[in-house]
Structures are given as C-alpha cells and as structure tokens.
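Below is one structure, written out as structure tokens, with a few remarks after it.
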Amino acid sequence: MTTNEMARAVLFHETGGPEVLRLENVQIGDPGRGEVRIRIDAIGLNRAEALFRSGAYWLSPDLPSSRLGHEAAGVVEAAGEDVHHLKPGDPISTVTIGDMSAHGVYGDRVIVPASEVIERPAGIDAVTGAATWLAYTTAYGALVEVGRLRPGATVLITAAAGAVGIAAIRIAKHLGAIPIATTRDETKHAQLAELGAAHVVPADHVLKEVQTLTGGRGAALVLDAIAGPGLETLAQVVAPDGTLIVTSNLDPSPTPLPWTWPLDLRKYANPMFYGADPARMERARRFITAGLDTGAFAPVIDRTFDLTEIVEAHRHLDSNAHVGKVVVEVRH
C-alpha cells in the first residue's frame, strides 16, 4: 500500500446519537516513528465509545472528523521506525488506545502507536481478539492489581452483563473469590448465573441483598462502572476497610463523594494505569493469555455486525439489551 491509498474510517463531525457516525474514505499513509499500520478484521464496541460519540465522556472528541474506537484485532501491514516487537504479517490486538480522535480503530485500516498493540496469541481468531483485551485488562487491573482480590473474598460487580462485568465475574471465580452480580434487567439473571456469578441481585435492592448474603458484613470489594448518585448506596455495601473501585461513569449524573466514607475509594482508568508502568501490562497479558488458553476467559459475543452497519451496531449498544460484547467484522 502506498501513501496515496485510501481506507475506510468511521468518523463523526458532531456529537449525538448513533446517526452521527459516517463511514468515509480517508487517505492512509505510512506509519511514523513508533507507529504501525494495521489491517483491521474485527472491532469490539465499548460503552466508553458511545459516551465519547454523544459528548458525555470524560474526554471531549476533537471535532470535526473525530475517529472512534479503542479495541480491534487484525494484522500488521507496516511498522515505522523504532518498532522492533512487531513486523508485517503479525496478528495483533489493540489494547489501550488513549486518543480516540486521532487513533480510533473503527475502520478497515488504521495507524496507531505500536505501544498500544500486542501480538495476538496463536489460535485466537480476530473476533475473540477484538472482544477480550479491554474488558479483561480493565477487570484484571482493577480487581487484582488495585483491589488485591483474594480467594474467599466477596466482590460486588455492577453493570455485570457488560463485557467488563462478565470479565470481572470470571476473574473473580478463577481466583476463588465470590462474585455477586447486579443488573437492572431481570431477564439477564439466569445468564449471569450461568456465566459464573455466585449470586445475582437486583440493582434496586443491592444493599439489602448484599447485607443478607454476607451476614451483615458487606462486600470486601465493589467494582462499579456506573457512578452517579447510586455510588452512595454502593459505599454502604462495602465492608469496613473494604475497597470501592469506579471504572466508568455510565450514569452522567453528579456523583457524591463524602469524605466520611470508611473505605478506600479508587478511580480506575486503563490508559493511565497501564501507561504508568509497562510491567503491569506484561502481567495482565500473561494472566489473560493463560485464561484464554484454558478457555476460562473466552469472551461472550452478544452479536456481530458488518462495518457498513456501524450505526445499527451503536443503536444495539445503546439499547443495553446485550449480554457480553458487540463486535463489528470488517470484510476486505
């Protein structure tokens, strides 16, 4: 491919609903120093991208012509200067795309920093490679590296039907902890139990249910992806000297932060966490790859779409009807 070749990219020129997304032709050049050009085969959708698209994310898009997307799998086409761990033909997954406006991976070919790409293990197909790493690095980093989750500990997981929630359930179970899943959709209770949750409780009754399940002690760890006013209730769920970790703000309403809470309150964000210490990513890579090898961490794919159906894919994402990952496949 030459510097004059064209690629397809999903762009948006204003914030709003799924309808603002446009599949457009753009020039794709050669990767610069520390970059790689990738042929994208599958894209994993995340709620953070819906928030970014709508203008409700913590980081504002660079408009017009903002790109979108954290997570994809494909094959390296070209590597720039100073890239030594990747070469053309290598199957890869992207991990922590920090600047979506510039390097978003919604498209058929993209250029991204090589530091945010890892080799895809042998035997892992593109859909699995696009549906695993963001969810599992988030859940691993929060539960293991920050939360120090131990066997026998009780962990409450909110928004449990999402990809991060399911990853957290499986990691907790893998470590011998006791995952309690919470969701507002009663139709998802049985499926969450099948996926490994020791207990599934309604979000509206979480305090009472967790107190009953733990004999009044509360959860040693709460992993929350919602924030908003409900965080005050979750704080009451945490056992004395326990930890509450907030990974996202799916509820954009103001979040209370009373300093009198007798707990360790942590805000967790993947790019900052792993960017601060590359050794963390290596530990996560080894942990997650081992789980993929045994089948313990196989991602749950809710539904797949074609790249030309990106608007419909985001509508499905916004509906909250899914359990697990929504994936977009790219035909070449």
Side-chain angles (χ1 to χ4, degrees), residues 135-184 188-189 192-251 255-270 272-274 280 283-284 287-288 290-291 296-297:
Y136 273 92
T137 55
T138 299
Y140 167 84
L143 293 179
V144 180
E145 297 275 349
V146 176
R148 306 293 182 187
L149 187 62
R150 297 290 184 264
T154 299
V155 54
L156 177 72
I157 301 161
T158 71
V164 173
I166 292 170
I169 289 170
R170 286 181 161 170
I171 288 174
K173 184 176 181 180
H174 183 72
L175 294 174
I178 303 168
I180 302 176
T182 179
T183 177
R184 296 187 183 281
K188 299 176 180 179
H189 283 210
L192 288 171
E194 291 175 4
L195 290 170
H199 308 281
V200 184
V201 302
D204 292 340
H205 302 96
V206 63
L207 179 57
K208 178 181 177 181
E209 295 284 350
V210 173
Q211 291 292 323
T212 299
L213 290 170
T214 61
R217 177 167 175 77
L221 180 62
V222 173
L223 187 67
D224 177 48
I226 301 172
L231 199 69
E232 190 163 7
T233 298
L234 292 180
Q236 299 175 57
V237 170
V238 182
D241 300 322
T243 304
L244 170 56
I245 302 174
V246 182
T247 63
S248 186
N249 63 322
L250 298 181
D251 184 343
T255 300
L257 294 172
W259 294 110
T260 56
W261 289 350
L263 51 86
D264 183 13
L265 176 63
R266 305 289 295 271
K267 177 69 177 75
Y268 176 91
N270 251 21
M272 282 75 84
F273 181 76
Y274 289 107
R280 293 170 175 167
R283 291 193 294 269
F287 182 85
I288 295 163
F297 295 165

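Just so it is clear, the model here is predicted, and its values are computed rather than measured.
- Counting heavy atoms from C-beta outward, P202 and H189 have side chains that approach closer than 4.5 Å.
- In this structure, the side chains of T138 and F273 stay at 4.5 Å or more apart for every pair of heavy atoms.
- Summarising the geometry of V238 relative to T243, their closest heavy-atom pair is CG1-N, 3.6 Å, with the distance given to 0.1 Å.
- Distance check, rounded to the nearest 0.5 Å: OG1 of T158 to CG of L223 gives 6.5 Å.
- Taking CD1 of I178 as the start and NZ of K173 as the end, the distance is 12.5 Å to the nearest 0.5 Å.
- In summary, of the residues considered (D224, V222, L221, L244), a side-chain contact (heavy atoms from CB on, under 4.5 Å) with L156 occurs for V222 alone.
- Within the 4.5 Å cutoff, side-chain heavy atoms of L265 are placed close to those of V246.
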Tell me, with the steps shown, if V155 and L149 meet side-chain contact (heavy atoms from CB on, under 4.5 Å). CA-CA 8 Å; V155 54; L149 187 62; 4.2 Å; yes

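- Note that CG of L143 and CD1 of I245 are 6.5 Å apart. Values are rounded to the nearest 0.5 Å.
- The shortest heavy-atom contact between K188 and T183 is CD-OG1, 4.2 Å.
- Applying the salt bridge (charged side-chain N to carboxylate O under 4.0 Å, His left out) test to residues at least two apart or on different chains, the pairs with a partner in residues 136-154 are E145-R283.
- With rounding to the nearest 0.5 Å, the separation of OH in Y140 from CG in N270 is 12.0 Å.
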Can I get a per-line list of side-chain donor-acceptor pairs under 3.5 Å for residues 206-218, giving both atom names and the distance, sequence neighbours left out?
{"from": "T212", "atom 1": "OG1", "to": "K208", "atom 2": "O", "distance (Å)": "3.0"}
{"from": "T214", "atom 1": "OG1", "to": "V210", "atom 2": "O", "distance (Å)": "2.7"}
{"from": "T214", "atom 1": "OG1", "to": "G218", "atom 2": "N", "distance (Å)": "2.8"}

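- Nearest heavy atom pair, residue L250 against residue A225, reads CG-O, 3.1 Å.
- Residues I169 and A181 come closest through the heavy atom pair CD1-CB, 4.0 Å.
- Separation of atoms CD1 (I166) and CG (L192) is listed at 6.5 Å; rounding is to 0.5 Å.
- When all heavy atoms of T137 and Y274 are compared, the pair lying nearest together is O-OH, 2.7 Å.
- Note: I171 CD1 to I288 CD1 = 6.0 Å, rounded to the nearest 0.5 Å.
- Annotation: Y136 is not in aromatic contact with F287 [ring centroid separation under 6.0 Å not met].
- Closest heavy-atom contact between A177 and A153: CB-O, 3.3 Å.
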